[in-house]
**Student:** 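Structure incoming, see below.
Here the structure is a predicted model, which means the values were calculated and not measured.
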Amino acid sequence: EDWGGDFGPRHGRRMGARLMAMLESDRFKTALGLTDEQSARLRQILVEAQKSAVKTGAEMGVRGIELRELLRADQPDREAVMKKVAEISALRGQIMQRHVESLLAAKTVLTPEQQKKLRALMARRFREQSRRGEFRGRRFGPRPEAEAPPTLPLPPAEPPVE
């Protein structure tokens, strides 16, 4: 059973948007047998998860900029750099914890039969997307057009000093 996976903030936003779209679909709600109350509760869980992912992702972005600036120094302060890395790691841990908390909360809303149907729907959707090649450029490898990164021209060579 794979309810988890990648726990980064961008993944959380993508996954949340897809799940939100599924919750808006009458076909999906009918396939799972969701009540209006279940749909509303799942939507609330998703909205809170998305808000949390956006906030924590922004904090991670700021800490990443701060880390980059610390590393630009000719003699970076090792202690400050490692402290910043620990802050970023803690934020990643928060994202993972909140993601899992959301999954656990969603599981309490769904019956075991609905969970089984959801896993089957998601597995089928994954297989269909894999066949169409929709996962290139994510965890499954680069997109064909991105295989060779663009190269910058080299600066002109300076004449040798004599």
Side-chain angles (χ1 to χ4, degrees), residues 1-68 70-71 81-150:
E1 164 177 342
D2 182 16
W3 286 73
D6 180 3
F7 296 103
R10 286 185 300 265
H11 170 76
R13 286 192 292 270
R14 283 192 316 264
M15 180 63 78
R18 286 192 300 259
L19 290 173
M20 196 68 77
M22 290 168 75
L23 280 176
E24 297 296 326
S25 162
D26 288 334
R27 200 170 95 190
F28 174 78
K29 289 190 278 189
T30 301
L32 283 186
L34 292 178
T35 65
D36 290 341
E37 184 180 321
Q38 284 177 308
S39 293
R41 181 67 185 120
L42 289 171
R43 183 178 182 75
Q44 181 184 5
I45 291 167
L46 279 172
V47 166
E48 290 305 314
Q50 286 177 316
K51 287 171 27 180
S52 176
V54 167
K55 288 176 185 176
T56 307
E59 289 180 46
M60 284 176 59
V62 170
R63 298 301 190 301
I65 292 168
E66 293 169 351
L67 175 61
R68 182 190 68 211
L70 287 170
L71 291 170
V81 166
M82 297 313 289
K83 181 179 177 193
K84 196 60 62 180
V85 168
E87 289 173 15
I88 294 168
S89 294
L91 289 168
R92 285 186 192 277
Q94 286 177 20
I95 287 174
M96 181 182 264
Q97 286 177 325
R98 290 179 187 144
H99 179 76
V100 171
E101 286 171 359
S102 296
L103 292 174
L104 292 172
K107 281 187 157 209
T108 66
V109 174
L110 300 173
T111 67
E113 184 63 30
Q114 288 170 323
Q115 291 178 39
K116 186 176 177 181
K117 288 179 184 178
L118 178 59
R119 281 191 298 273
L121 281 169
M122 292 176 80
R124 187 175 72 219
R125 187 174 177 152
F126 178 81
R127 283 191 305 272
E128 289 169 0
Q129 289 173 329
S130 294
R131 265 186 256 140
R132 292 191 304 255
E134 292 182 21
F135 292 106
R136 280 194 205 106
R138 296 184 194 162
R139 293 179 3 200
F140 303 99
R143 291 186 175 127
E145 67 273 10
E147 286 179 9

**Student:** Please name the pair of heavy atoms, one in Gln114 and one in Leu32, separated by the smallest distance, quoted to 0.1 Å.
**Tutor:** CG-O, 3.1 Å
**Student:** Any chance you could measure Thr56, atom OG1, to Met60, atom CE, to the nearest 0.5 Å?
**Tutor:** 8.5 Å
**Student:** State, to 0.1 Å, how close Leu23 and Ser39 come at their nearest heavy-atom pair, and which atoms those are.
**Tutor:** CD1-O, 4.3 Å
**Student:** Report the residues that fulfil side-chain hydrogen bond (donor to acceptor under 3.5 Å, both in side chains) with Lys84, sequence neighbours left out, ordered by chain and then residue number.
**Tutor:** Glu66, Glu87
**Student:** Ignoring hydrogens, what is the shortest heavy-atom contact between Ser52 and Arg98? Give both atom names and the distance.
**Tutor:** OG-CD, 2.6 Å
**Student:** Would Val109 and Glu37 count as a side-chain contact (heavy atoms from CB on, under 4.5 Å) if you check the C-alpha gap in whole Å, the side-chain angles of each, and the deciding distance to 0.1 Å?
**Tutor:** CA-CA 9 Å; Val109 174; Glu37 184 180 321; over 6 Å; no
**Student:** Hey, could you give me the CZ/OG distance between Arg63 and Ser89, rounded to the nearest 0.5 Å?
**Tutor:** 12.0 Å
**Student:** Any side-chain donor paired with an acceptor under 3.5 Å for Gln94 and Glu59?
**Tutor:** no
**Student:** What are the two closest heavy atoms between Ala31 and Leu121, and how far apart are they?
**Tutor:** CB-CD1, 4.2 Å
**Student:** Give, for atom CG of Leu34 and atom CZ of Arg43, the distance between the pair rounded to the nearest 0.5 Å.
**Tutor:** 13.5 Å
**Student:** In Å and rounded to the nearest 0.5 Å, what is the CE to CG distance from Met96 to Leu91?
**Tutor:** 13.5 Å
**Student:** Do Leu104 and Val100 touch side chain to side chain, with heavy atoms closer than 4.5 Å?
**Tutor:** yes
**Student:** State the CE-CG distance between Met22 and Leu46, to the nearest 0.5 angstrom.
**Tutor:** 10.0 Å
**Student:** For the residue pair Arg41 / Gln38, report whether a side-chain donor-acceptor contact shorter than 3.5 Å exists.
**Tutor:** no
**Student:** Using the test side-chain hydrogen bond (donor to acceptor under 3.5 Å, both in side chains), find all partners of Glu48 that sit at least two apart in sequence or belong to another chain.
**Tutor:** Lys51
**Student:** Would you compute the distance between atom CE of Met20 and atom CG of Leu42 and round it to the nearest 0.5 angstrom?
**Tutor:** 10.0 Å
